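This one's a predicted model, so the numbers in the text were calculated from it and none came from an experiment. Just so it is clear, the values below take in all heavy atoms, side chains as well, and ignore hydrogens, waters and symmetry mates.
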Amino acid sequence: DMSRTVGSPALLIAAWLVTAAMTITGALSYGELAAMMPRAGGQYVYLREALGPLWGFLYGWTLFLVIQTGTIAAVGVAFGKFLGVFFPSVSANHWLWHIAHVPAIPIGPMVLGNMDIGLNTANLAAIVVIILLTLLNTFGVKLGAGVQNVFTSAKVLALLAVVLVGLIARNAAALAANFGPGWENFWVGSGWHTLHPVQVGVGGPTALVGLVTVVAVVQVGSLFSSDAWNNVTFTAGEIENPRRNLPLSLVIGTGSVLLLYVLCNLAYLSVLPMAGSAGATTLAGRGIQFAAQDRVATAVMESAFGSIGAKLMAGAILVSTFGCVNGMLLAGARAHYAMSRDGLFFKSVGKLSARSGVPVNSLWVQCAWTCLLCLSGSYGQLLDYVIFAALMFYLLTVAGLFVLRRTRPDAARPYRAIGYPVLPAIYIALAAWICVVLLRYKPQYTWPGLILVLIGVPVYLVWKRLGTAMSEPGTES
């Protein structure tokens with residue numbers, strides 16, 4: 001989708017470089033907050049301490065409702081779909097219990113609904129994996145972290161393999177189309193005065209936008225691919241020497257992964273032409289822009305190794321998605337646990353297991369809601385809606401760094417954000433610009449997410465009132 005929008009190899013790489021710069025800058029800022037407040041809950045705690053409990057709750061509310069659980073559901077179903085490469089009976093079209101189809105409901109520039117509710121073999125595979133990994137994580141953080149280390153290493157190796165394939169299986173026609181002599185073709189369409197067509201909303205008019213705006217528009221894809229880098233902060237209370245290890249893991253982790261993402265995109269450009277046609281029947285004819293089901297990495301591997309390459313890629317994605325689900329289950333439960341300890345979530349979620357020392361109830365509540373999202377068929381749509389909300393909370397958290405420098409100047413800061421105040425200010429400016437652009441040109445992604453966050457305000461007031469009433473003497477039975 002990114003390649004279809006920008007229409008230029010240079011702008012595709014530029015979009016990923018912007019994402020890399022923003023994410024690493026954000027990680028540098030989060031490093032100071034993590035070292036300053038190494039407690040379970042991570043970003044929830046930083047927002048609560050810097051901007052107040054309402055902002056912490058709004059983040060936790062959105063995180064539980066869809067940011068974390070919706071991502072886990074989507075990744076879990078992706079696991080099921082790629083499992084179908086090896087076991088064809090595992091498919092989103094193989095229904096075991098089809099409950100209903102919700103028709104498309106157009107609302108202005110947005111379209112809600114258009115989803116099937118029920119149990120098919122693909123989301124059944126997702127549910128099984130989610131329950132299995134939730135159970136595994138109840139036995140203790142060391143076991144969950146051990147599984148995570150194994151699968152993260154496997155994912156990194158898979159990305160390195162794609163980069164290596166790009167070097168070995170370079171295609172002369174693709175290199176000529178994407179780079180040309182003297183890199184002339186690489187820069188085509190990337191001039192400051194070049195206008196790019198962008199459809200406003202679903203079925204809306206087409207607007208012509210400049211370079212800076214189009215790069216901001218496609219951040220929906222690259223920022224989402226890079227999301228969840230903050231999850232390590234949720235487990236701060238269970239990390240050895242968090243004041244040192246959290247900032248290191250944030251910066252090294254985000255930097256390494258984003259470097260691999262940029263290299264992978266260069267590998268894609270070395271094997272397949274960027275431009276293509278949706279009606280073409282060959283890999284080269286479809287190009288990067290119209291790779292089957294937008295699976296560009298699979299197309300690259302298939303181009304290099306034939307059908308066995310597609311299966312190798314499917315296997316790598318199974319490993320990657322399995323590890324991703326495990327990591328997000330492990331981390332997300334800690335944020336809900338921290339909310340409960342503040343009286344802003346179900347009381348039982350705030351209890352640690354006497355045997356394993358992990359928030360077992362939080363893990364199972366998260367598991368239950370995630371499984372419901374798998375059945376609902378709406379997780380993908382919900383994810384589209386909260387990309388804007390997630391970016392907004394990143395912006396607010398980095399802004400919280402300035403607030404805490406002013407309100408708590410004497411607080412212990414084992415690590416101070418590199419480049420403060422310039423780099424955090426640049427991050428805030430870039431994130432704010434992307435938010436404004438997405439509100440204007442991608443209303444189907446932004447306004448529902450914003451509304452979802454705002455609904456949390458009355459929920460917070462009600463929950464806080466109920467919590468206050470329950471804590472008053474004589475109100476408990």
Side-chain angles (χ1 to χ4, degrees), residues 22 26 30 33 41-74 107-112 201 216 219-220 223-224 227-231 233-234 328 331-332 335-336 338-340 342-346 366 369-370 372-373 376 378-400 403 427-428 430-467:
M22 286 186 63
Y30 272 58
L33 297 170
Q43 189 171 347
Y44 162 76
V45 174
Y46 312 153
L47 286 165
R48 181 194 68 195
E49 295 300 310
L51 305 179
L54 171 62
W55 291 103
F57 176 83
L58 291 178
Y59 174 70
W61 153 266
T62 313
L63 186 81
F64 176 79
L65 207 59
V66 72
I67 291 179
Q68 197 79 0
T69 52
T71 303
I72 295 169
I107 303 175
M110 303 172 291
V111 176
L112 305 180
Q219 291 300 306
V220 168
L223 282 174
F224 174 72
D227 200 15
W229 57 267
N230 62 324
N231 274 211
T233 66
F234 297 159
M328 296 197 74
H336 315 322
M339 288 179 66
S340 176
D342 290 341
L344 295 174
F345 205 49
F346 302 112
Q366 176 182 252
W369 180 246
T370 303
L372 282 175
L373 287 180
S376 73
S378 63
Y379 51 85
Q381 196 175 78
L382 289 169
L383 279 177
D384 288 339
Y385 296 164
V386 299
I387 291 170
F388 168 79
L391 180 60
M392 184 179 70
F393 283 118
Y394 284 138
L395 185 159
L396 290 171
T397 304
V398 174
V403 175
Y427 180 93
I428 292 171
L430 286 173
W433 168 247
I434 292 170
C435 285
V436 170
V437 169
L438 293 179
L439 282 168
R440 169 67 179 86
Y441 295 103
K442 294 292 182 181
Q444 74 273 30
Y445 295 148
T446 51
W447 289 103
L450 186 58
I451 291 169
L452 189 67
V453 174
L454 293 176
I455 290 173
V457 175
V459 175
Y460 167 77
L461 296 174
V462 170
W463 206 298
K464 186 177 180 182
R465 180 171 295 181
L466 289 174

Q. For Phe57 and Leu344, which heavy atoms make the closest approach, and how far apart are they?
A. CE1-O, 3.6 Å

Q.
Can you tell me how the ring of Tyr30 sits relative to the ring of Tyr46, calling it parallel under 30°, perpendicular over 60° and tilted otherwise?
A. perpendicular

Q) Should Trp55 and Leu396 be marked as a side chain to side chain contact (heavy atoms under 4.5 Å, CB included) after you check the CA-CA gap, both sets of side-chain angles, and the distance that decides it? A) CA-CA 9 Å; Trp55 291 103; Leu396 290 171; 3.7 Å; yes

Q | Aromatic ring proximity Trp463/Phe346, centre distance under 6.0 Å | A | yes

Q: Specify the closest pair of heavy atoms between Ala389 and Gly449, including all atoms of both residues, with the distance to one decimal.
A: CB-O, 4.1 Å

Q: Could you tell me which non-hydrogen atom of Met339 sits nearest to which non-hydrogen atom of Gly60, and how far apart they are?
A: SD-CA, 3.3 Å

Q: Would you sort out whether Tyr394 and Leu223 count as a side chain to side chain contact (heavy atoms under 4.5 Å, CB included), showing the intermediate values?
A: CA-CA 11 Å; Tyr394 284 138; Leu223 282 174; over 6 Å; no

Q.
Under the rule for side-chain contact (heavy atoms from CB on, under 4.5 Å), what residues qualify as partners of Ala399, not counting sequence neighbours?
A. Ile428

Q: Measure the spacing between CG of Leu391 and CE of Met22 and express it to the nearest 0.5 Å.
A: 5.5 Å

Q.
Students often mix this up, so state it plainly: with edges at 30° and 60°, are the rings of Phe64 and His336 parallel, tilted or perpendicular?
A. perpendicular

Q. If you round to the nearest 0.5 Å, how far is CD1 of Ile434 from CD of Gln219?
A. 4.5 Å

Q.
I need the minimum non-hydrogen distance between Leu373 and Ala73, along with the two atoms involved.
A. CB-CB, 4.1 Å

Q: May I ask you to test the Val45-Arg48 pair for a side-chain heavy-atom distance under 4.5 Å?
A: yes

Q | Chi angles and distances behind the side chain to side chain contact (heavy atoms under 4.5 Å, CB included) call for Arg440, Val436 | A | CA-CA 6 Å; Arg440 169 67 179 86; Val436 170; 5.7 Å; no

Q. Just how far is it from atom OG1 of Thr397 to atom OH of Tyr427, taken to the nearest 0.5 Å?
A. 8.0 Å

Q. In Å, rounded to the nearest 0.5 Å, how long is the span from CG of Leu438 to CG of Leu450?
A. 12.0 Å

Q: Could you pull out the closest heavy-atom pair between Ala338 and Gly41, with the gap in Å?
A: CB-CA, 3.8 Å

Q) Minimum heavy-atom separation for Leu65 to Trp369, with atom names? A) O-NE1, 2.8 Å

Q: For the pair Tyr59 and Phe393, name the ring-plane relationship: parallel under 30°, tilted 30 to 60°, perpendicular over 60°.
A: perpendicular

**Q.** Rounded distance [0.5 Å steps], CD1 in Ile72 versus CD in Gln366
**A.** 4.5 Å

**Q.** Reported OG1-to-CD1 distance for the pair Thr62 and Ile67, which is rounded to 0.5 angstrom
**A.** 5.5 Å

